[in-house]
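Remember, it's 1-based here, ligands and their atoms both numbered in the order they're listed. Quantities reported herein were computed from a predicted structural model and do not represent experimental measurements. Just the heavy atoms: all of them, side chains too, but no hydrogens, waters or symmetry mates, feed the values below.
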Amino acid sequence: MSDERTAIVTGGGSGIGLAISERLAADGAAVAVFDRDTSSADATAAKIVASGGTAVGVTVDVTDRSQIDAGVADVRRRLGRPTILVNNAGLQGFDPFLSISADQWNRILAVNLTGTFDCCQAVVPDMIEAGWGRIVNISSSSAQGGQARMTHYVASKAGVIGFTKALALELGPQGITVNTIPPGFIDTPMLRASERQGFLGEGVDHHASRVPVRRVGRPEDIAATCAFLVRDEAGYITGQVIGVNGGRNT
Ligand code: NAP
């Protein structure tokens with residue numbers, strides 16, 4: 001149980017991060033909703049508070065280390081020492097390989113991979129002090145199977161998987177687990193934007209009919225897995241890649 005623990009969820013203003021924030025709060029954690037978009041971070045926190053939970057919205061762009069450090073300091077003051085971190089903020093891109101500019105490449109790496117690194121470095125000292133911690137990094141099933149026109153995104157998410165494995169080995173002795181969930185085909189604003197822009201080909205319904213479990217994933221599917229990984233009883237699970245994709249990748 002994450003009861004009475006403080007959790008930080010990045011990109012908590014939308015989609016999967018919103019569902020994870022709500023679920024961890026329902027399980028008893030005080031949740032700091034980090035998002036670069038102040039209004040969505042605040043809206044998620046207000047929704048949690050309205051249903052009886054504890055949450056605050058914090059404006060943090062995960063590509064800015066000074067904002068991360070200030071955000072974490074704010075969390076310590078308002079909610080207490082954070083010992084659960086979910087690195088969920090993400091940015092995708094669909095671009096033919098030869099057209100990817102250095103700026104596009106660097107931007108996607110900055111949000112997805114360096115943002116994960118910086119948030120971990122900012123929060124791990126609190127976990128070491130507590131002798132307990134749980135880190136869940138949201139990667140992507142595209143890093144398991146590859147995806148054309150997403151070399152920048154897939155490389156960043158494959159980096160998150162490798163980073164997770166290495167950090168798990170380093171932090172295991174301190175009571176901190178580090179795992180990654182690579183979601184596959186989850187119905188969020190990000191997925192619907194891809195559909196609108198024509199990047200999914202035949203659209204969400206068509207793809208859902210081909211998923212082995214015959215439906216599109218829901219943000220709650222990822223939240224449920226995340227909620228389990230942050231529990232005390234998941235303490236023997238670390239360095240793992242826990243696919244939640246309806247059977248599309250095994
Ligand atoms: P989403 O609905 O777009 O939510 C992502 C959230 O992250 C948004 O609130 C976004 O804010 C925020 N964010 C983006 N850049 C940020 C930054 N630099 N600092 C702080 N917050 C930032 O997407 P989602 O589908 O829930 O995706 C959540 C995670 O799952 C991502 O890491 C994504 O790569 C991963 N994922 C999703 C799927 C899927 O099928 N949906 C599949 C594989 C992996 P803005 O709205 O302002 O950009």
Worksheet entry | Mode of V60 contact toward ligand 1 - side chain, backbone, both, neither (heavy atoms, under 4.0 Å) | backbone
Fill in: Heavy-atom proximity to atom 11 (O) of ligand 1, best of D35, L191, T10, D37
D35
Discussion item. With side-chain hydrogen bond (donor to acceptor under 3.5 Å, both in side chains) as the criterion, how do T177 and T238 come out once you've worked through the C-alpha distance, each side chain's angles and the decisive distance to 0.1 Å?
Written reply: CA-CA 5 Å; T177 68; T238 195; 4.8 Å; no
Worksheet entry | Structural part of Q92 in contact with ligand 1, heavy atom criterion under 4.0 angstrom | neither
Worksheet item: Closest non-hydrogen protein atom to atom 1 (P) of ligand 1, residue and atom name please, with distance?
Response: S14 OG, 3.6 Å
Worksheet item: Nearest to atom 28 (C) of ligand 1 by heavy atom, T188, V111, N88: which?
Response: N88
Worksheet entry | Atom indices of ligand 1 within 4.0 angstrom of I138 heavy atoms, with elements | 29 (C), 30 (O), 35 (C)
Worksheet item: Taking only heavy atoms of P189, which atoms of ligand 1 are found under 4.0 Å from at least one of them?
Response: 2 (O)
Item to complete: State whether the shortest distance between N or O atoms of S40 and N or O atoms of ligand 1 falls below 3.5 angstrom.
Response: no
Discussion item. Using a plain distance cutoff, I'd like to know if I186 has any nitrogen or oxygen under 3.5 Å from a nitrogen or oxygen of ligand 1.
Written reply: yes
Practice prompt. List every atom of ligand 1 that sits less than 4.0 Å from any heavy atom of G90, numbering the atoms from 1 in the order shown and giving each element.
Written response: 7 (O), 14 (C), 31 (C), 32 (O)
Item to complete: Would you check whether I16 has a nitrogen or oxygen atom less than 3.5 angstrom from a nitrogen or oxygen atom of ligand 1?
Response: yes
Worksheet, complete the sentence: Contact region, L91 to ligand 1, non-hydrogen atoms below 4.0 Å, reads neither
Worksheet item: What are the atoms of ligand 1, with element, lying closer than 4.0 Å to any heavy atom of D61?
Response: 17 (C), 18 (N), 19 (N)
Worksheet item: Nearest non-hydrogen atom to atom 36 (N) of ligand 1 belongs to which of F34, Y153, F185?
Response: Y153
Discussion item. Within the 4.0 Å heavy-atom shell around G15, which atoms of ligand 1 are there?
Written reply: 2 (O), 26 (O)
Discussion item. Could you identify the single nearest non-hydrogen protein atom to atom 7 (O) of ligand 1 and state the distance to 0.1 Å?
Written reply: G11 CA, 3.4 Å
Worksheet entry | S139, portion touching ligand 1 at heavy-atom distance under 4.0 Å | backbone
Item to complete: Could you check atom 16 (C) of ligand 1 against the protein and tell me its nearest heavy-atom contact, residue, atom and distance included?
Response: R36 CD, 3.7 Å
Worksheet item: Identify the closest protein heavy atom to atom 43 (C) of ligand 1: which residue and atom is it, and at what distance?
Response: P183 O, 3.2 Å
Discussion item. Nearest 0.5 Å, please: how far is CZ in R65 from OG1 in T114?
Written reply: 11.5 Å
Fill in: Numbered atoms and elements of ligand 1 in range of S140, under 4.0 angstrom, heavy atoms
43 (C), 44 (C)
